[in-house]
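Okay, so here's the structure we're looking at.
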Amino acid sequence: MLSVETNATVRFKIIFQKLYPQLLVYAIGIVGEEEAEDVVEDVFAELWRRRNETEMGDKIQAFLYKSVYTRALNVLKHRNVTAHYLSLVEGIQEQRQHYFNTSHPHQNLENLELRGQIELAIDELPDKCREVFKMSYIDGMKNSEIATQLGISVKTVEAHMYKALKSLRERLAQVRKAI
């Protein structure tokens, strides 16, 4: 007679061999080929971790399809956040470039005022956002380097940068209106 562990392992292998190709095609339809395999592998990895506590009965196929769908949606959401974050970074870079390319005397005075407002806006950021922002823009560190140094995930670094850039963009939009 097979032990519970061995029985769960055998059931997992059977389910994996039967459903992996189908789930992969399903995931490709949602997130594309590049990330589909990761999505399906993540779902099966989670099922493997819980193989002794998850009933692998008749409804496992529906459960796996739902899990792939949910994980694929999370990938799409992350893509959107990343794309928005990159557009914010580009906007800040454009403003920064415009600032440094200005050479008229009256604009230099406005730029000094704007620079002061930028520094004030940075100082008003929440502590972690300010720290991450300065490490990125002042120290020129990459997100992965910041994450390692601070002991946080890259996604947390991205979230802090997103929050910082959004706050700075809103604050600087108000300042530009006043100038």
Side-chain angles (χ1 to χ4, degrees), residues 1-93 122 125-170:
M1 192 160 213
L2 296 174
S3 70
V4 173
E5 173 70 24
T6 306
N7 190 24
T9 302
V10 169
R11 292 277 297 146
F12 177 85
K13 286 179 182 178
I14 291 168
I15 290 167
F16 181 85
Q17 289 172 347
K18 178 182 175 191
L19 295 178
Y20 184 87
Q22 297 169 25
L23 292 169
L24 184 60
V25 169
Y26 179 62
I28 288 171
I30 300 171
V31 296
E33 286 185 45
E34 253 182 59
E35 295 167 302
E37 199 168 338
D38 288 340
V39 167
V40 177
E41 287 176 3
D42 286 348
V43 167
F44 273 108
E46 185 62 29
L47 181 63
W48 175 255
R49 281 191 289 279
R50 297 177 181 214
R51 69 189 174 281
N52 292 324
E53 57 196 62
T54 303
E55 186 177 323
M56 295 192 205
D58 297 338
K59 298 183 181 190
I60 194 70
Q61 182 173 352
F63 170 78
L64 290 172
Y65 270 92
K66 180 68 174 171
S67 297
V68 167
Y69 177 77
T70 302
R71 207 163 288 261
L73 286 183
N74 288 340
V75 167
L76 293 176
K77 286 178 190 174
H78 179 70
R79 249 191 233 163
N80 288 339
V81 167
T82 302
H84 186 67
Y85 164 75
L86 290 175
S87 73
L88 288 175
V89 169
E90 287 173 9
I92 293 286
Q93 292 289 19
I122 292 171
L125 290 171
D127 293 341
K128 266 301 187 205
C129 284
R130 181 176 56 248
E131 182 178 17
V132 168
F133 182 83
K134 285 183 174 183
M135 291 172 87
S136 178
Y137 281 93
I138 295 173
D139 300 337
M141 295 174 69
K142 295 179 181 178
N143 289 354
S144 58
E145 296 170 332
I146 297 169
T148 301
Q149 186 168 336
L150 297 180
I152 57 178
S153 72
V154 173
K155 288 185 181 185
T156 303
V157 171
E158 290 172 355
H160 283 302
M161 286 299 297
Y162 174 80
K163 185 176 181 180
L165 291 170
K166 182 179 177 189
S167 176
L168 291 173
R169 177 174 269 177
E170 290 170 356

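Since we're looking at a predicted model, the values are computed, not measured. Just the heavy atoms: all of them, side chains too, but no hydrogens, waters or symmetry mates, feed the values below.
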Please tell me if the side chains of [X] and [Y] come closer than 4.5 Å, counting only heavy atoms from C-beta onward.
| X | Y | value |
| --- | --- | --- |
| E131 | H160 | no |
| E158 | V81 | no |
| Y137 | L168 | no |
| W48 | T9 | yes |
| T82 | H78 | yes |
| L19 | Q22 | yes |
| L47 | L64 | yes |
| M161 | S136 | yes |

Could you state the interatomic distance from [atom1] ([X]) to [atom2] ([Y]), rounded to the nearest 0.5 Å?
| X | Y | atom1 | atom2 | answer |
| --- | --- | --- | --- | --- |
| N143 | K155 | CG | NZ | 13.0 Å |
| N74 | Y69 | CG | OH | 11.0 Å |
| I122 | K134 | CD1 | NZ | 7.0 Å |
| F133 | I92 | CZ | CD1 | 6.0 Å |
| R49 | F44 | CZ | CZ | 13.0 Å |
| L165 | L86 | CG | CG | 10.0 Å |

[X] and [Y]: which non-hydrogen atoms are nearest, and at how many Å?
| X | Y | value |
| --- | --- | --- |
| R71 | V43 | NE-CG2, 3.8 Å |
| P21 | F16 | CD-O, 4.3 Å |
| S87 | R169 | O-NH2, 4.0 Å |
| R130 | D127 | NH2-OD1, 2.7 Å |
| K166 | L88 | N-CD1, 4.3 Å |
| A72 | V39 | N-CG1, 4.0 Å |

task = Dump the intermediate steps for side chain to side chain contact (heavy atoms under 4.5 Å, CB included) on Y85 and K163, then the final yes or no.
result = CA-CA 9 Å; Y85 164 75; K163 185 176 181 180; over 6 Å; no
task = Decide yes or no on side chain to side chain contact (heavy atoms under 4.5 Å, CB included) for N80 and H84, but give the supporting numbers first.
result = CA-CA 6 Å; N80 288 339; H84 186 67; over 6 Å; no
key: Verdict with reasoning, M135 to V157, per side chain to side chain contact (heavy atoms under 4.5 Å, CB included)   = CA-CA 10 Å; M135 291 172 87; V157 171; over 6 Å; no
